[in-house]
S.K.: 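One structure coming up, written as C-alpha cells, with questions to follow.
Just so it is clear: chains get the letters A, B, ... in the order the sequence lines come, proteins before strands, and each one is counted from 1. Just so it is clear, the values below take in all heavy atoms, side chains as well, and ignore hydrogens, waters and symmetry mates.
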2 protein chains.
Amino acid sequence: MKGKEKRAKEAGDVLRELGYRLTPQRMLILAAVQASDSHISAEEIYSQVRAQYPHVNISTVYRTLDLLKGLSLVTETDLGEGRVRYHYADKGHHHHLICERCGAIIDVDENLFLPLKRTLLKDYQFNADIRHFAIFGRCTKCPR
Amino acid sequence: MKGKEKRAKEAGDVLRELGYRLTPQRMLILAAVQASDSHISAEEIYSQVRAQYPHVNISTVYRTLDLLKGLSLVTETDLGEGRVRYHYADKGHHHHLICERCGAIIDVDENLFLPLKRTLLKDYQFNADIRHFAIFGRCTKCPR
DNA sequence: GTTGCGCCTGCAAGCTATTGCAACAACCTC
DNA sequence: GAGGTTGTTGCAATAGCTTGCAGGCGCAAC
C-alpha cells in the first residue's frame with residue numbers, strides 16, 4: 001500500500017470509529033484534500049471527486065468539509081480571494097500574512113500565536129482554536 | 001448641530017477631501033453605521049437607508065462599505081453567522097472570542113494583540129492590520 | 001445473504017455578496 | 001448658472017455557499 005492510500009484509509013477509519021458512515025463521497029473528498037500539497041478550494045475538490053464519481057453534488061462537498069473541519073481533519077482558511085481554501089490538518093499548522101497591496105502571502109509559524117493563546121486561556125477562560133489564521137495588512141516593501 | 005450629525009459631516013468631509021464624491025447614498029450609509037451602537041449588518045444598513053432614500057441598491061451598500069473599510073472609517077467582522085457585520089471605526093477597536101459550542105461572544109481589548117503585531121513587524125516586516133478580529137474556539141465553561 | 005434503521009446524499013431553492021455595463025449625477029471650470 | 005468629465009449608481013446576472021426535504025445506501029444484527 002502506498003503512503004497516500006494508507007493515509008486516506010487511516011483518516012477514513014477515524015470517521016468510522018467515531019460512528020460516521022464511510023461513504024465513497026467522503027473517502028474521495030478526504031483523499032483530494034490529502035493529495036493536495038497546498039491549499040485546495042471546494043470547487044477544485046468537487047471537480048477532482050466528480051472525475052471518479054460523477055454523481056456527487058457540490059453541497060455534499062461542503063457538508064463533508066464541514067464535518068472534517070469539526071473533526072480537526074482539515075482546516076479552513078480565508079485568504080481573501082472570495083473563496084475559502086482547505087488544507088489537510090496533519091500537514092502542520094501555519095498562518096498567513098496577506099499583503100492587501102501586492103497580494104503577497106507570507107507563511108508564519110504557529111508558535112508565534114502561542115503567547116496569545118495562553119493569555120486568552122488564562123485571562124478569558126477561552127480555549128482558542130488557532131490553527132489556520134489569515135492576517136491582512138501591508139508588507140513593509142509596499143509603499144505607504 | 002448635534003453630535004451625531006457633526007460626526008457624520010466630518011466623516012463625509014474625509015471622503016470629499018480624498019477626492020471621492022459625496023453622494024446621498026454614501027452619507028446615509030455612513031450615518032447608519034455611525035448611529036449603530038453595536039455591529040450592524042449590510043442588510044440592516046440597507047433597510048435603514050432605503051427608508052429615507054427608496055431607490056438605493058444593495059450593491060451600492062456593499063460597494064460603499066468596501067470603500068469605507070479601505071479608508072479605515074469602518075471595520076468588518078465575521079462573527080460566524082453567515083453574514084458579515086460592520087462597525088464604525090472611531091468607536092474603538094476590539095476583538096471577539098466566539099465559542100463554537102454555546103455561541104457566546106466575548107469582547108477582548110485590542111491591546112492583547114500588540115505583542116503579536118510587534119513581532120510580525122519586527123520578524124516578518126509585515127504591518128498587520130489587526131483591528132477587528134474574530135477568534136473561534138471553546139469557552140472553558142462549555143463541556144469537553 | 002437479507003433486512004431494517006437512520007445517517008447521508010442529491011436536488012432545488014434560497015441566501016449573502018460581487019461584478020459588468022449603461023445611465024446618471026457630483027463637482028469643476030468657465 | 002450651464003456644460004463637460006468621470007466617478008457612482010442601479011440593474012441584472014452571477015458566484016460561492018447553505019438548507020429543507022425526500023429518497024438512497026452504509027452498516028449492524030440476525
S.K.: Return the value, rounded to whole Å, for the distance between atom CG of B:Leu79 and atom P of C:dT16.
M.R.: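 Going from B:Leu79 (CG) to C:dT16 (P), I get 16 Å.
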S.K.: Start with the C-alpha gap between A:Asp66 and A:Lys69, add the side-chain angles, then the distance that decides, and say whether salt bridge (charged side-chain N to carboxylate O under 4.0 Å, His left out) holds.
M.R.: CA-CA 5 Å; A:Asp66 218 49; A:Lys69 201 170 60 183; 3.0 Å; yes
S.K.: Choose from D:dT9, D:dC27, C:dA26 the nucleotide whose nearest atom is closest to any side-chain atom of B:Pro24.
M.R.: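 From the listed options, C:dA26 comes nearest.
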S.K.: Between B:Asp78 (CG) and D:dT18 (P), how many Å, whole number?
M.R.: 11 Å
S.K.: Between A:Tyr53 and B:Tyr20, name the one whose nearest nucleotide on DNA chain C is closer to the 5' end.
M.R.: A:Tyr53
S.K.: Classify the angle between the aromatic ring planes of A:His132 and A:His94 as parallel (below 30°), tilted (30 to 60°) or perpendicular (above 60°).
M.R.: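 A:His132 vs A:His94 ring planes: perpendicular.
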S.K.: Distance check needed: C:dT9 P versus A:Arg50 CZ, whole Å only.
M.R.: 17 Å
S.K.: Rounding to an integer number of Å, can you tell me how far B:Glu81 CD sits from D:dT18 P?
M.R.: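 Distance, rounded to whole Å: 14 Å.
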S.K.: In whole angstrom, what separates A:Tyr46's OH from C:dT9's P?
M.R.: 14 Å
S.K.: Rounded to the Å, how far apart are A:Leu28 CG and C:dT9 C1'?
M.R.: 14 Å
S.K.: Between A:Thr23 and D:dC25, does any side-chain N or O lie under 4.0 Å from OP1 or OP2?
M.R.: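 For D:dC25, neither OP1 nor OP2 has a side-chain N or O of A:Thr23 closer than 4.0 Å.
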S.K.: Please report the interatomic distance CZ(B:Arg16) to CG(B:Leu22), rounded to the nearest 0.5 Å.
M.R.: 5.0 Å
S.K.: So, does the side chain of A:Arg21 form a donor-acceptor pair with the base of C:dC7 at under 3.5 Å?
M.R.: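 Answer is yes: a donor-acceptor pair is held.
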S.K.: So, does B:Gln25 get its side chain near the phosphate of D:dG10, meaning an N or O under 4.0 Å from OP1 or OP2?
M.R.: yes
S.K.: Is there a donor in the side chain of A:His95 and an acceptor in the side chain of A:Asp107, or the other way round, less than 3.5 Å apart?
M.R.: no
S.K.: In this structure, how many angstroms lie between the P atom of C:dA25 and the CE atom of B:Met27, rounded?
M.R.: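 It is 17 Å, rounded to the nearest whole Å.
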S.K.: Nearest-Å distance, CG (B:Leu22) to P (D:dG7)?
M.R.: 16 Å
S.K.: Could you state the interatomic distance from CG (B:Leu121) to CZ (A:Arg138), rounded to the nearest 0.5 Å?
M.R.: 13.5 Å
S.K.: Measure across B:Tyr46 and B:Val61 and return the closest heavy-atom pair with its distance rounded to 0.1 Å.
M.R.: CD1-CG2, 4.0 Å
S.K.: According to the interplanar angle, ranging from 0 to 90°, do the rings of A:His87 and A:His39 count as parallel (below 30°), tilted (30 to 60°) or perpendicular (above 60°)?
M.R.: parallel
S.K.: At a cut-off of 3.5 Å, list every protein nitrogen or oxygen paired with a nitrogen or oxygen from nucleotides 17-21 of chain C, distance to 0.1 Å.
M.R.:
unit_1 : atom_1 : unit_2  : atom_2 : d
C:dA17 : OP1    : B:Val84 : N      : 2.8
C:dA17 : OP2    : B:Tyr62 : OH     : 2.2
C:dA17 : O5'    : B:Tyr62 : OH     : 3.1
C:dG20 : O6     : B:Arg63 : NH1    : 3.3

